[in-house]
Amino acid sequence: MTHYEYDVVIVGAGGAGMRAALESSQRSKTAVLTKLYPTRSHTGAAQGGMAAALSNVEDDNYEWHVYDTVKGGDYLVDQDAAEIMCREAIDAVLDLEKMGLPFNRTEDGKIDQRRFGGHTREHGAAPVRRACYAADRTGHMILQTLYQQCVKQKVEFFNEFYVLDLILSKNPQSAKKGAKVSVTGVVALELATGEIHTFSAKSVVFATGGAGKVFKTTSNAHTLTGDGMAIALRAGLPLQDMEFFQFHPTGLYGLGILLSEAARGEGGILRNSEGERFMERYAPSIKDLAPRDVVARAIAREVREGRGCGPKKDYVLLDLTHLSPEHIDEKLPDITEFARTYLGVEPHTEGVPTYPTAHYAMGGIPTTVNGEVLRNATETVDGLYAAGECACVSVHGANRLGTNSLLDINVFGRRAGAAAAAHAAKAPQPSMPAHAAARVVGIVERLLAGTGDASSPRPGDIRSELQEAMDRDAQVFRTAESLTHVQAKVPGLKERFARATIQDKGRRFNTDLLEAIELGFLLDLAEVILAGALAREESRGGHFREDFPTRDDKKFLKHTLAYATPTGVTLDYKPVVITKYVPKERVY
Amino acid sequence: MRTAATKDASTKDAATKDAATKVAATGEVATFEVILKIRRNNPEASGEHEAGAGYWQEFRVKVHSTERILDALHTIKWEQDGSLTFRRSCAHGVCGSDAMRINGRNRLACKALIKDLHPSRPITIEPIQGLPVLKDLIVDMEPFFASYREIMPFLMPSGDAPKRERLQSPEQRARFEDTTKCILCAACTTSCPVFWTDGQYFGPAAIVNAHRFIFDSRDDAAWERLEILNDRDGVWKCRTTFNCTDACPRGIQVTEAISQVKRALATHRV
């Protein structure tokens, strides 16, 4: 065990983590701890673009972008935060270009822009070209560009260091109102050696990404297990709006691999078994470019009503065949290759089978617009920050617009990194308590102990059961009955997990151990998602309750705050910040 | 060396392929059994194997005809042997974690469809070559990233930054577009015979990433990078065997990129 001391520790090296690191490492001694090599992060899988009202190809302004973001989020967006994001979007894109990002270009050499779901001009009049992009690999280019800049700045990475615990000065749930709760540091498992290390830090930034693996069908990487969210939850902090999960309309059938909305931005059309462009019925004005929650529900409904395609009538087709092959190859090279590689389908001539796939957690660790983590509805934790998908600012509300997450990680990654460095400049170095690693040692030793024989439950089985239950009962359509059904399963899964052992008893590169720990996080998060979803007796954005099919602003125009307590998940609420846009019915 | 397929094997292959084709048509997913012959290595002694000793282990695994090698590795790990160790993340060919040597060729496990790998015979899986093996299919990536860092893989423009974006025409961008696709998986570098025998050689991936900046109209440090690559361990070591191009899971024309770098050095023109 080694003890390290840093001004700033950043946990996670995707877009948000590296953007934060570029800020903080210039001003303070910064370490980036990441369970994956930085270039493996899932930011690299983002495809379609990054929104900013550059007005490079047609008239646009950031206020329209704010409006679209608020409406797209079904009015659960904190409007002050959305305004900051959309205003700073322009510089965020220009900064990336100056770092070297190879955006697609217009004929006159400017950054090109394309259409994307829910982004409109003049408050919904018509789709607008706002997404800045690099073919259908914009996230890849952002991840590579940020990593390149980190190499240039000699940012200090601890690759394959898996952070498993957050140490705070006191338990935030027992701290009195007004009492100061501050960050002490983190505890990490070094995968190569199996050693457990402690890091004292004046500021800690969580940028650990999403939790898509709580579902079976997901566009998310195997490693997206909500680590940072669950660690915060276990440390006594709340998670916000976790019931809002985005199901991306076009996952590759059977696999869930993302097929970018850019396919529709470039002119692609969704068709059912009758060949009908069914989005005309659900969103008459912007059709296939409606926000993701609307399109995902439309697809699920077409399938449910018997208009799905294929022998099982369980998918719809993403039709690009009317576009020229050259246009497809130039603008959508990667996703068309996915269709060829994994389904043997040629998008030049055939529709691509698609179905919604779990894609993005709108909820997460609640923060202020400077990334400061909240410990309740009003108070922050001194020195603790979060940014990116693991955080909830909230700029996405109940449903995130496409291209707003690559924007979110850049704007709020930068803000969190700057705030963390500024805090570190005036804070003393915290001293780690002697027993700081005890909780992690306990988890690791418990899993390494035991014989791992046939009688002990296998983490792999528990994980599949959880994911299948979540897909079946907590996906696009939810009811009290379906949610209660899956909720009743979780305690049994947790009980089996408590008895589970792993087969690999070694210390070095023990990915068997790593996956078991990840499963523990997923189980905790499933409980929070379900508790929030069951309590929210309304339909808003990505959360659709068939038994309460309309939005209920009287009761639920508020953010959920979920806490893990010794007696289970308890819920509290926090008001939505509304500045300009009064909630209205959401029509597209 | 791959031997010619026996009649029996090719018939089985054809049957497997048929089964796979049917999947698309009917939605029914056929299953069959494959044998994966995996090169293992545990840095800690376990059972009859000494610490760090390499050995082969065969696993029989039921797979669906639509599955990839990564799915089969997961089935083994989750149902048979949790100690089988490999890196992976995105599972669709964009993160670059799971490059491995499959039937003697470097591929990403998440892009290698089992039905395309002559599954009637055992499929061999080994770590990529030329980097130190740490455990089973995991190698030490540090030497690879060290070469990458040496070619200064970041934009180095001169002059003051403009207020808006630097202008670049679609044609200017097209010159280096191909090499921006690199995901640093190391499949190319670890398929290169020069890299295997010469630990000093930068390897194709580092040259690809140098190319990405050398031919970017916004960059003004092409000659600094070319100077590095003109070194005796640089671009001239390439013997144009095209292994790298064959290995690249992103379809980057790696050998062509290296040739363009050589040409720039030979003609003193970028």
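This one's a predicted model, so the numbers in the text were calculated from it and none came from an experiment.
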For this session: Go through the steps for Q148(A) and N209(B) under the test side-chain hydrogen bond (donor to acceptor under 3.5 Å, both in side chains), then give the verdict.
Result: CA-CA 10 Å; Q148(A) 290 156 6; N209(B) 281 280; 5.2 Å; no
For this session: Counting only heavy atoms closer than 4.5 Å, note whether R458(A) contacts chain B via side chain, backbone, both or neither.
Result: side chain
Problem set entry | Greatest number of heavy atom pairs closer than 4.5 Å to chain A - which of T180(B), I183(B), D140(B) | T180(B)
For this session: Please look at F103(A) and chain B and tell me whether the side chain, the backbone, both or neither of the residue comes under 4.5 angstrom of a heavy atom of that chain.
Result: backbone
Exercise. Would you say E256(B) and T245(B) make side-chain contact, with heavy atoms under 4.5 Å?
Worked result: no
Problem set entry | Among the listed options E171(B), E67(B), R212(B), E177(B), the residue most often paired with chain A at heavy-atom distances under 4.5 Å | R212(B)
Exercise. Backbone N or O of R40(B) within a donor-acceptor pair of the D136(B) side chain at under 3.5 Å?
Worked result: no
Exercise. Which atoms form the tightest heavy-atom contact between R105(A) and Q168(B), and what is the distance?
Worked result: CG-O, 3.0 Å
For this session: Against chain A, label K135(B) side chain, backbone, both or neither, depending on which of its atoms sit under 4.5 Å from a heavy atom there.
Result: side chain
Problem set entry | Which atoms of D112(A) approach chain B - backbone, side chain, both or neither, heavy atom under 4.5 Å | neither
Exercise. Tell me, do F144(B) and L184(B) make a side-chain contact under 4.5 Å, heavy atoms counted?
Worked result: yes
Problem set entry | Which portion of I90(A) sits near chain B, non-hydrogen atoms under 4.5 angstrom | side chain
Seminar exercise, completed: Turns out that what part of R173(B) lies under 4.5 Å from chain A's heavy atoms comes down to side chain
Exercise. In terms of heavy-atom proximity below 4.5 Å to chain B, should R507(A) be classed as side chain, backbone, both, or neither?
Worked result: both
For this session: Under 4.5 Å heavy-atom distance to chain B, tell me which part of D91(A) shows up: side chain, backbone, both or neither.
Result: neither
Problem set entry | Q172(B) versus chain A, the contacting section by heavy-atom distance below 4.5 Å | neither
Problem set entry | Contacting region of R166(B) [heavy-atom separation from chain A under 4.5 Å] | both
Exercise. Which residues from residues 511-519 of chain A are near chain B, with near meaning under 4.5 Å between non-hydrogen atoms?
Worked result: T511(A), D512(A), E515(A)
Problem set entry | Pairs of heavy atoms under 4.5 Å with chain B: top-ranked of N510(A), D334(A), L252(A) | D334(A)
Exercise. Tell me, do L54(A) and C132(A) make a side-chain contact under 4.5 Å, heavy atoms counted?
Worked result: yes
Problem set entry | Which atoms of M141(A) approach chain B - backbone, side chain, both or neither, heavy atom under 4.5 Å | side chain
Exercise. Under a 4.5 Å heavy-atom cutoff, which of K110(A), R463(A), Q149(A), H222(A) has the most pairs with chain B?
Worked result: H222(A)
Exercise. Can you tell which of R250(B), R164(B), K163(B), E79(B) has the highest number of heavy-atom pairs within less than 4.5 Å of chain A?
Worked result: R164(B)
Exercise. With a 4.5 angstrom heavy-atom cut-off, which part of F213(B) approaches chain A: side chain, backbone, both or neither?
Worked result: side chain
Exercise. Does CD belonging to E346(A) count more than 12 external heavy atoms closer than 6.0 Å?
Worked result: yes
Exercise. Within a strict 4.5 Å, meaning less than it, do heavy atoms of the D71(B) and R68(B) side chains meet?
Worked result: yes
Exercise. How many angstroms lie between CG in L134(B) and CZ in R508(A), if you round to the nearest 0.5 Å?
Worked result: 9.0 Å
Exercise. Under a 4.5 Å heavy-atom cut-off, does chain B meet the side chain of F338(A), its backbone, both or neither?
Worked result: side chain
For this session: Run the numbers on R40(A) and T34(A) for side-chain hydrogen bond (donor to acceptor under 3.5 Å, both in side chains), then give the verdict.
Result: CA-CA 10 Å; R40(A) 311 307 180 213; T34(A) 169; over 6 Å; no
Problem set entry | Most chain B-contacting option - heavy-atom pairs closer than 4.5 Å, from Y342(A), Y147(A), Y37(A) | Y342(A)
Problem set entry | Portion of R137(A) that has a non-hydrogen atom of chain B nearer than 4.5 angstrom | side chain
Problem set entry | Test side chain to side chain contact (heavy atoms under 4.5 Å, CB included) applied to K331(A) and Y133(A), step by step | CA-CA 9 Å; K331(A) 298 294 176 71; Y133(A) 68 100; 3.3 Å; yes
Exercise. Quick one: are L143(A) and M18(A) in side-chain contact, heavy atoms under 4.5 Å?
Worked result: yes
Seminar exercise, completed: Turns out that what part of I138(B) lies under 4.5 Å from chain A's heavy atoms comes down to side chain
Exercise. Is E350(A) close to L343(A) at the side-chain level, that is, under 4.5 Å between some pair of heavy atoms?
Worked result: no
Exercise. Between K181(B) and chain A, which part of the residue has a heavy atom less than 4.5 Å away: side chain, backbone, both or neither?
Worked result: both
Seminar exercise, completed: Honestly, the part of L258(A) sitting under 4.5 Å from a heavy atom of chain B is neither
Exercise. Between T357(A) and S219(A), does any side-chain donor sit less than 3.5 Å from a side-chain acceptor?
Worked result: no
Problem set entry | Side chain / backbone / both / neither for D95(A) at chain B, heavy atoms under 4.5 Å | neither
For this session: Could you please spell out the steps behind the side chain to side chain contact (heavy atoms under 4.5 Å, CB included) verdict for I257(A) and I335(A)?
Result: CA-CA 9 Å; I257(A) 294 170; I335(A) 61 164; over 6 Å; no
For this session: Check whether L84(B) gets within reach of chain A through its side chain, its backbone, both or neither, counting any heavy atom under 4.5 Å.
Result: backbone
For this session: Decide yes or no for D314(A) and Y355(A): does some side-chain heavy atom of the first lie under 4.5 Å from some side-chain heavy atom of the second?
Result: no
For this session: Begin from the C-alpha positions of R107(B) and D116(B) and carry the test salt bridge (charged side-chain N to carboxylate O under 4.0 Å, His left out) through to its verdict.
Result: CA-CA 12 Å; R107(B) 315 167 203 252; D116(B) 296 339; over 6 Å; no
Exercise. Without hydrogens or angle criteria, can the side chains of R88(B) and H74(B) be said to hold a donor-acceptor pair below 3.5 Å?
Worked result: yes
Exercise. Hey, are R218(B) and E165(B) close enough for a salt bridge, meaning a charged N less than 4.0 Å from a carboxylate O?
Worked result: no
Exercise. Do T179(B) and H211(B) have a side chain donor and acceptor closer than 3.5 Å?
Worked result: yes
Exercise. Given a strict heavy-atom distance threshold of 4.5 Å, which part of I111(A) is in contact with chain B: side chain, backbone, both, or neither?
Worked result: both
Problem set entry | Intermediate values then yes/no, side chain to side chain contact (heavy atoms under 4.5 Å, CB included), I38(B) and F59(B) | CA-CA 8 Å; I38(B) 301 177; F59(B) 295 92; 3.8 Å; yes
Problem set entry | Contact listing (chain A partner; residues 146-157 of chain B; heavy atom under 4.5 Å) | Y148(B), R149(B), P153(B), F154(B), L155(B)
Exercise. Which residue, V345(A), T250(A), T336(A), forms the side chain to side chain contact (heavy atoms under 4.5 Å, CB included) with V352(A)?
Worked result: V345(A)
For this session: Check each atom of T43(A) against the heavy atoms of chain B and say whether the ones under 4.5 Å are side chain, backbone, both or neither.
Result: neither
For this session: Below 4.5 Å from any heavy atom of chain B, which atoms of A134(A) appear? Answer side chain, backbone, both or neither.
Result: both
For this session: May I ask you to check whether over 12 heavy atoms, not counting those of K77(B), lie within 6.0 Å of atom NZ?
Result: yes
